[in-house]
Amino acid sequence: MKMIKKMLVAGIAAAMMLTSLVGCGGGAAASKTITFGTNAEFPPFEYVTSGGTIGDYDGIDIAIAQKIGQDIGKEATINNMEFDSLLIALQNGQVDAVIAGMTVTDERKESVDFSVPYYTATQVMIVKEDSDIKTAADMADKKIVVIQGYTGETVVQDMGYSYESFKKGTEAVLELVNGKCDVVVIDSATASKYVKDNEGIKIVEDPSAFEAEEYAIAVKKGNTELLNQINTSIQKMLDDGTISELSAKYLDAE
Ligand code: GLN
């Protein structure tokens with residue numbers, strides 16, 4: 001009888017230990033990793049490389065993701081997928097957060113929650129060096145290319161122009177370089193990177209037609225615990241200059 005009692009006590013103690021171990025995090029929060037969804041086709045924010053900041057990925061966002069991981073005591077991992085799938089992956093719980101140079105829009109806010117913004121960009125036009133396009137209105141009778149699902153697509157759509165959409169920025173720029181289209185509408189920093197990497201193309205800005213866009217990290221709607229942690233981390237990086245340093249570093253990188 002005594003023996004049984006002892007075993008019972010030991011059993012309960014073991015069960016309690018187990019519960020307290022699991023209780024440490026509780027469900028998803030118990031995980032030692034934080035998975036960021038991205039679309040690594042958006043230099044200088046995220047791109048595939050050999051041996052990047054996290055695995056084979058590098059860029060401003062990847063470096064930010066790594067620092068957020070450090071700040072919240074978890075290892076950051078990257079799940080690279082199509083841009084259009086990112087918010088669905090977040091809702092499905094396939095990723096914990098999305099960091100993808102993603103512009104905060106009212107439409108996206110309906111399905112996910114956004115962190116404090118960490119970068120301000122705008123849409124710009126990439127054209128051939130000898131192009132006569134000087135304003136957004138000049139695109140009216142031109143062959144326009146955008147990237148599928150990017151805010152650039154919505155902007156051109158709202159202007160009422162017809163366009164062709166590609167899955168990757170590199171494909172769109174190649175189309176322009178090869179003379180198969182007249183203009184690519186895409187985010188400013190990414191455009192700078194493409195113009196730097198390709199001969200014979202330039203950027204045309206039109207601030208009266210393209211509004212400022214703010215990039216932020218998305219989390220599943222209602223995940224305030226993670227959102228607060230991310231916000232604290234981003235705010236710290238904005239205040240201590242980390243984000244401006246990272247932007248300068250990756251914008252200047254070859
Ligand atoms: N900022 C644009 C958007 O949110 C493009 C982002 C991206 O391609 N990574 O749609």
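Just follow the structure's listing: the first ligand is 1, and inside any ligand the first atom is 1.
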- prompt: If we only count heavy atoms from C-beta on, is the V146 to V184 side-chain gap below 4.5 Å?
  reply: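 No, side chains not in contact.
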task: Mind jotting down which residue pairs meet the salt bridge (Lys or Arg N to Asp or Glu O under 4.0 Å) criterion with at least one end in residues 41-65? Sequence neighbours excluded, please.
output: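 Residue pairs with at least one partner in residues 41-65: E41-K168.
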query: Do other residues, nucleotides or ligands put more than 12 heavy atoms under 6.0 Å from E171 CD?
result: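 Yes, enclosed.
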field: Proximity of F42 and Y150 rings by center, below 6.0 Å
entry: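 F42 vs Y150: aromatic centres under 6.0 Å.
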Please tabulate, one line per pair, the protein N or O atoms found under 3.5 Å from any N or O atom of ligand 1, giving the distance to one decimal.
from	atom 1	to	atom 2	distance (Å)
ligand 1	1 (N)	G101	O	2.8
ligand 1	1 (N)	T103	OG1	2.8
ligand 1	1 (N)	D187	OD2	2.6
ligand 1	4 (O)	T103	N	2.9
ligand 1	4 (O)	T103	OG1	3.3
ligand 1	4 (O)	R108	NH1	2.8
ligand 1	8 (O)	Y150	OH	3.0
ligand 1	9 (N)	A100	O	2.5
ligand 1	10 (O)	R108	NH2	3.0
ligand 1	10 (O)	T151	N	2.8
ligand 1	10 (O)	T151	OG1	3.4

field: Ion pair E82/K167, N-O distance below 4.0 Å
entry: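 Result for this pair is yes, salt bridge flagged.
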- prompt: What orientation do Y47 and Y250 show, parallel under 30°, tilted 30 to 60°, or perpendicular over 60°?
  reply: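 Ring orientation of Y47 relative to Y250: perpendicular.
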